[in-house]
Amino acid sequence: PGKKVLIVYAHQEPKSFNGSLLKIAVEELTKQGCSVTVSDLYAMQFEPRATRNDIVGHLHNSEAFNYGVETWEAYKRGGLSKDLVEEQKKVQEADLLIFQFPLFWFSMPAILKGWMDRVLVQGFAYDLSKAYDGGLLQDKLSLFSFTTGGSQEMYSNKGIGGDIRYVLWPMQHGIMHFCGVKVLEPHICYAPENVSEEKRKEMLTAWTQRLKTLWKEEPIDCSPEWYFK
């Protein structure tokens, strides 16, 4: 209780299955006494493109624009754009980050990837000498909760899509673990559009149940073995 949760939500339709998962998370975690903040990226019309506009004022090198260098320098002098500062503040305060989205092309929707690209800048989320277990966002937990178009069989080792864990590698390991964030087991709802109403209800109930004991969970072993064993 008293924990702070940030849910970064990337779906256009509140009445969607992702919308239902979001609603459950907000209600259940609030009921537990957590304070829950939602970044509803589509509703916010969040800008996914990493551009010069993310730096307020002068550039470190006006001859040749290097986004990584410029945002790092801007972060150090407090010169990042207002929308980035707001998101970073939410991340900084959160004990748990939940990412709620539909899987697009084996990855997250562009608007969510843009959030990662723009918000998790060097100096804030990581430093070249401080990454993975030494990342700057230690003592935080993350959880990827998403829906798929394909069935669980398709995303199995023998399935056409290969093991779903391969898809999770760039998101969980390449982003969260890189920034020092611990990763909880992902929550995957397979093909909600293609199952019965009853099965969908079961999926929503399973999410509610999981959230009840979420704080007792141990993070996954953040090593290549988890993904490629």
Side-chain angles (χ1 to χ4, degrees), residues 5-14 16-26 36-51 54 67-68 71 83-84 86-88 90-91 94 96-121 124-126 131-132 135 137 140-152 154-155 159 161-193 203 207 210 219-220 222 226-228:
V5 182
L6 170 62
I7 306 178
V8 185
Y9 168 72
H11 198 290
Q12 310 87 332
E13 175 51 67
S16 64
F17 193 79
N18 274 274
S20 301
L21 292 164
L22 169 70
K23 193 162 172 282
I24 285 170
V26 172
V36 183
T37 304
V38 178
S39 284
D40 182 341
L41 301 183
Y42 286 102
M44 292 156 69
Q45 298 191 333
F46 187 82
E47 168 61 81
R49 294 169 301 181
T51 69
D54 294 349
Y67 187 81
T71 48
D83 59 340
L84 293 195
E86 281 172 9
E87 293 307 298
Q88 287 176 345
K90 294 176 195 174
V91 170
L96 167 67
L97 309 167
I98 297 178
F99 300 98
Q100 182 64 59
F101 59 97
L103 197 68
F104 283 5
W105 295 116
F106 275 35
S107 187
M108 56 186 97
I111 200 165
L112 178 53
K113 178 58 167 57
W115 185 94
M116 303 281 184
D117 292 351
R118 295 180 63 226
V119 175
L120 303 175
V121 305
F124 169 68
Y126 70 94
Y132 292 111
L137 300 179
K140 295 185 189 302
L141 291 169
S142 62
L143 192 166
F144 286 85
S145 170
F146 59 93
T147 58
T148 67
S151 66
Q152 190 159 2
M154 284 170 76
Y155 285 109
D163 195 321
I164 192 74
R165 290 183 174 203
Y166 304 158
V167 171
L168 289 158
W169 169 254
M171 301 191 247
Q172 293 186 163
H173 185 77
I175 304 175
M176 286 297 116
H177 185 201
F178 187 80
C179 296
V181 180
K182 293 183 176 64
V183 181
L184 295 173
E185 280 280 346
H187 198 86
I188 309 165
C189 292
Y190 291 97
E193 285 182 22
M203 287 179 178
W207 180 225
R210 180 171 178 196
I220 65 165
C222 274
W226 190 88
Y227 300 90
F228 304 112

**Study point:** Residues which pass side-chain contact (heavy atoms from CB on, under 4.5 Å) with Ser151, listed by chain and number, not counting sequence neighbours
**Key:** Glu153, Met154
Review point. Any sub-3.5 Å donor-acceptor pair from Ser145's side-chain atoms to Phe99's backbone N or O?
Key: no
Show which side-chain atoms of residues 165-176 pair as donor or acceptor with protein atoms under 3.5 Å away, not counting sequence neighbours.
residue: Arg165; atom: NH1; partner: Trp226; partner atom: O; Å: 2.6
residue: Tyr166; atom: OH; partner: Asn157; partner atom: OD1; Å: 3.4
residue: Gln172; atom: NE2; partner: Tyr227; partner atom: OH; Å: 3.1
residue: His173; atom: ND1; partner: His177; partner atom: ND1; Å: 3.2

Exercise for review: Side-chain contact test, heavy atoms from C-beta onward, threshold under 4.5 Å: evaluate it for Leu112 versus Phe104 and give yes or no.
Suggested key: no
Check your understanding: Quick one: does Thr71's side chain have a donor or acceptor within less than 3.5 Å of a partner on Gly68's backbone?
Key -> yes
Check your understanding: So which heavy atom on Cys189 is nearest to which on Pro192, and how close?
Key -> O-CD, 3.5 Å
Review point. Between Lys140 (side chain) and Leu97 (backbone), is there a donor-acceptor pair under 3.5 Å?
Key: no
Review point. Can you name the residues that form a side chain to side chain donor-acceptor pair (under 3.5 Å) with Glu193, not counting sequence neighbours?
Key: none
**Study point:** Between Ser39 and Lys90, a side-chain donor and acceptor under 3.5 Å
**Key:** yes
**Study point:** Pairing residues for Asn18 by the side-chain contact (heavy atoms from CB on, under 4.5 Å) criterion, not counting sequence neighbours
**Key:** Tyr9, His11, Ser16, Gln100, Pro102, Thr147
Review point. Are the side chain of Gln88 and the backbone N or O of Val119 linked by a donor-acceptor pair below 3.5 Å?
Key: yes
Check your understanding: Looking only at heavy atoms, which two atoms of Arg210 and Pro186 are closest? And how far apart?
Key -> NH1-O, 3.4 Å
Exercise for review: Can you sort out the partners of Ser142 under side chain to side chain donor-acceptor pair (under 3.5 Å), two or more places apart, ordered by chain and number?
Suggested key: none
Review point. Looking at residues at least two apart in the chain, or sitting in another chain, which of them share a side-chain contact (heavy atoms from CB on, under 4.5 Å) with Glu47?
Key: Arg49, Arg118
Practice item. Using a cut-off of 6.0 Å, state whether more than 12 heavy atoms not belonging to Glu13 lie near its atom CD. Key: yes
